[in-house]
**Student:** 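Dropping a structure here in structure tokens format, bear with me for questions.
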Amino acid sequence: MKKQLLACILAASMMAGTLAGCGGSAQEPGTTAAQDKSRESAAADGQDKKNQKDGNGDITLTLWHIENDAKRLEVVKRCIERFEASHPNVKVEQVPMENDPYKTKLTTAMAAGEEPDIFISWGGGWLQSFVEEGKVLDIDQNVREISDIYHESALSLFEIDEKYWAVPFRAGAAPVYYNTKIYEELGLKVPETVDELEANCQVLKDNGIVPFALGNSSQWPGALTFIWLSLREGGSQTFLDAFNRTGNATFEDESFIKAGQRIQDWVKKGYYPEGANGINYDTGGSRMLFYSGQAAHIVQTNSFVANCKSEQPDFYENNLGLFNYPVIEGGKGKADEILGGGNGYSIAASCEHPQEAMELVKALTDQEYAQDMSDTAGILTGIKGVDIKDSKLQQMEDLLVNASYMQNFYDQFLPTELGNLHKQTTYDLFGLTTTPEQAAADMEAQAQKDLAK
């Protein structure tokens, strides 16, 4: 198995230049040095033109986003072309970037007062920090005027202090993806409880198949499983009470500790590939384990649907299945409480042409855009009225529509330092270098600092 895993990871590294990364938790793949240089140049050029009028009186709006997958970028470009055709006095300078560098670049630009007119976020604490600094334009009234075209679970990701600060353009759950052919061959049924999932995992392991593909070198992929397990153990209110400092609720609640205990139990049982913390999801390592049939499941964001369809179309059509994360018998979590996330467009407070910027945001989040994104890239947007032709996408949409609560990813929802610590402690849980109790204590200590207000 070690040789198979090594061969798979090496193959994934060779393919890294052609693989697309994940969205929702919206992580993106690496780019070449030439692409990075080109994008940095474009960003600099776009910033120089920010909010300026040329000799013909044309307005230039700068747009920073992370839709750098070929198909998603194609949809964005078409949308911008439609907007510019209907707004001949406006020129849009769009700058696609890789996920993590984008976060750093935007934070730096905000601090220097050189932010773009329109930018994306994941909502939560990351966006809230910019709102509190006065860097984000209040578009609450504008959003409420068009709010009926968005699913509430998607729109709610960008609500801060009872105001909407962004408009959703991508949203979806992070389910369990599985290989339907492996299930058929071994006579397995889709589990409804975690006990049933564990029973399936043992059958898989007995047959030489890794139960879960995991590439956790960037820490966020493993965090998805921790959030799911804590959500199923404690229910949504437990997390919200710990976050809001309600009553005696803390991040040392037994639901968080039990989630860590189950993860470490699964690691010890061999439910994950050896050295999972050293495998890179963004460059395709864990995806290749899944596609090759060496692993039977992968827990990933909604963008995995588009990745699989693009990278392995035959597997997508014939092998890919998905199911909602099973409930834990005796746990407080409900089946219709789901983990998911999305992206939204906000407008900078410094934008000198807010009316035109809002018109562009509307175009980038309307039903025509949503239909094109669904048809072309296989991405859900959180926008109503889309004719979804793909059965797998429809399953994803059903999870979103029927959810009573959607838990945003912790590293997006929580303040930056606490969110980063969550990823680190989860990484350490998978690496067996901390205990569930210590991880919970570390989170609570940081929460007392970051959430005191």
Side-chain angles (χ1 to χ4, degrees), residues 23-24 26 28 43 46 50-51 59-69 72-73 75-84 87 90-97 99 102-103 105-107 109-110 115-124 126-131 135-147 149-151 153-160 163-172 303 341-370 372-373 377 379-384 408 412:
E28 299 294 342
K50 178 178 180 290
N51 293 328
I59 294 169
T60 296
L61 293 174
T62 51
L63 166 68
W64 288 8
H65 62 78
I66 57 172
E67 301 292 52
N68 54 17
D69 170 80
R72 298 202 299 266
L73 186 57
V75 175
V76 173
K77 285 181 176 178
R78 277 199 292 268
C79 186
I80 290 174
E81 287 171 0
R82 289 195 299 272
F83 173 81
E84 290 181 334
H87 297 75
V90 182
K91 170 71 174 175
V92 179
E93 294 284 354
Q94 61 140 341
V95 184
M97 303 182 200
N99 181 83
Y102 164 80
K103 288 183 177 180
K105 191 172 183 65
L106 183 65
T107 300
M110 287 286 193
E115 59 273 8
D117 295 299
I118 301 167
F119 62 94
I120 71 103
S121 81
W122 297 259
W126 198 70
L127 177 61
Q128 184 170 355
S129 64
F130 294 137
V131 170
K135 295 288 188 177
V136 187
L137 185 69
D138 184 345
I139 58 172
D140 181 65
Q141 187 57 43
N142 301 87
V143 177
R144 291 184 185 279
E145 290 172 359
I146 58 174
S147 61
I149 74 167
Y150 308 103
H151 292 307
S153 54
L155 199 58
S156 66
L157 294 171
F158 307 100
E159 185 176 6
I160 299 171
K163 283 188 174 185
Y164 295 121
W165 295 89
V167 184
F169 68 89
R170 194 197 306 174
S303 290
N343 297 122
Y345 283 114
S346 295
I347 300 173
S350 61
C351 177
E352 294 182 6
H353 304 285
Q355 181 176 343
E356 289 81 2
M358 190 65 210
E359 289 299 314
L360 175 56
V361 167
K362 288 179 181 178
L364 288 164
T365 61
D366 66 13
Q367 289 169 328
E368 185 173 0
Y369 156 85
D372 194 5
M373 189 60 80
I379 290 290
L380 296 177
T381 59
I383 298 165
K384 298 177 183 177
N408 199 351
Q412 309 302 346

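What you see is a predicted model, and the numbers here were worked out from it, not measured in a lab. Side-chain atoms are counted along with the backbone in the values below, which use heavy atoms only and exclude waters and symmetry mates.
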**Student:** For Pro116 versus Ala348, what's the shortest heavy-atom pair and its separation?
**Tutor:** O-CB, 3.2 Å
**Student:** Could you tell me which residues satisfy side-chain hydrogen bond (donor to acceptor under 3.5 Å, both in side chains) with His65, sequence neighbours excluded, listed by chain and number?
**Tutor:** Gln94
**Student:** Roughly how far apart are Ile66 CD1 and Leu106 CG, rounded to 0.5 Å?
**Tutor:** 11.0 Å
**Student:** Enter the distance from Ile347:CD1 to Asp138:CG here, rounded to the nearest 0.5 Å.
**Tutor:** 10.5 Å
**Student:** For residues Leu380 and Arg170, determine if any side-chain heavy atom of one lies less than 4.5 Å from a side-chain heavy atom of the other.
**Tutor:** no
**Student:** Tell me, yes or no, whether the heavy-atom count around Gln355 atom CD, taken from other residues, nucleotides or ligands under 6.0 Å, exceeds 12.
**Tutor:** no
**Student:** Which pair of heavy atoms, one from Phe158 and one from Asn343, lies closest together, and at what distance?
**Tutor:** CZ-C, 3.2 Å
**Student:** Who passes salt bridge (charged side-chain N to carboxylate O under 4.0 Å, His left out) against Lys362, sequence neighbours left out?
**Tutor:** Glu359
**Student:** Side chain of Asp140, backbone of Asn142: donor and acceptor closer than 3.5 Å?
**Tutor:** no
**Student:** Looking only at heavy atoms, what is the nearest atom pair of Gly341 and Leu157, with distance?
**Tutor:** C-CD1, 3.7 Å
**Student:** Is it true that a side-chain atom of Asp117 and a backbone atom of Thr62 form a donor plus acceptor pair closer than 3.5 Å?
**Tutor:** yes
**Student:** So, Glu84 side chain and Val92 main chain: donor-acceptor pair closer than 3.5 Å or not?
**Tutor:** yes
**Student:** Pair Lys91, Leu61 - check side-chain contact (heavy atoms from CB on, under 4.5 Å), show working.
**Tutor:** CA-CA 6 Å; Lys91 170 71 174 175; Leu61 293 174; over 6 Å; no
**Student:** Could you check whether the rings of Trp126 and Phe130 sit parallel, tilted or perpendicular, using 30° and 60° as the cut-offs?
**Tutor:** perpendicular
**Student:** In terms of ring plane angle, is the pair Tyr102 and Trp64 parallel, tilted or perpendicular, where the classes change at 30° and 60°?
**Tutor:** perpendicular
**Student:** Please identify each residue that fulfils side-chain hydrogen bond (donor to acceptor under 3.5 Å, both in side chains) with Thr365, with sequence neighbours left out.
**Tutor:** Tyr150
**Student:** Only counting residues at least two apart or in another chain, list the ones meeting salt bridge (charged side-chain N to carboxylate O under 4.0 Å, His left out) with Lys384.
**Tutor:** none
**Student:** Considering residues at least two apart in sequence or located in another chain, which fulfil the salt bridge (charged side-chain N to carboxylate O under 4.0 Å, His left out) criterion with Glu368?
**Tutor:** Arg82
**Student:** Would you indicate whether the side-chain heavy atoms of Val167 and Met358 approach each other to under 4.5 Å?
**Tutor:** yes
**Student:** Once you round to the nearest 0.5 Å, how far does SG of Cys351 lie from CD1 of Ile118?
**Tutor:** 6.5 Å
**Student:** Would you call Leu155 and Ser147 a side-chain contact if the rule is heavy atoms closer than 4.5 Å?
**Tutor:** yes
**Student:** How long is the straight-line distance from CD of Glu115 back to OG1 of Thr107, given to the nearest 0.5 Å?
**Tutor:** 11.5 Å
**Student:** So does Met97 get a backbone contact from the side chain of Asn68, meaning a donor-acceptor N/O pair under 3.5 Å?
**Tutor:** yes
**Student:** With a 4.5 Å cut-off on side-chain heavy atoms, are Ile160 and Leu127 touching?
**Tutor:** yes
**Student:** Flag the pair Phe169 / Val361 as yes when at least one side-chain heavy-atom distance between them is below 4.5 Å, and no otherwise.
**Tutor:** no
**Student:** Output yes when a side-chain donor or acceptor of Asn408 lies under 3.5 Å from a complementary backbone atom of Trp122, and no otherwise.
**Tutor:** yes
**Student:** Look at the side chain of Ser346 and the backbone N and O of Trp165, then say whether any donor-acceptor pair between them is shorter than 3.5 Å.
**Tutor:** yes
**Student:** Might you work through the side-chain contact (heavy atoms from CB on, under 4.5 Å) test for Ile383 and Tyr369, ending with a clear yes or no?
**Tutor:** CA-CA 9 Å; Ile383 298 165; Tyr369 156 85; 4.1 Å; yes
**Student:** Is Leu63 close to Glu93 at the side-chain level, that is, under 4.5 Å between some pair of heavy atoms?
**Tutor:** no
**Student:** Can you tell me how far CZ of Phe83 sits from CG of Leu360, rounded to the nearest 0.5 angstrom?
**Tutor:** 4.5 Å
**Student:** What pair of heavy atoms forms the shortest contact from Ser153 to Ser156, and how long is it?
**Tutor:** O-OG, 3.0 Å
**Student:** Working to the nearest 0.5 Å, report the span between OG of Ser121 and OH of Tyr345.
**Tutor:** 11.0 Å
**Student:** With sequence neighbours excluded, what pairs up with Asp372 under the side-chain hydrogen bond (donor to acceptor under 3.5 Å, both in side chains) test?
**Tutor:** Arg78, Thr376
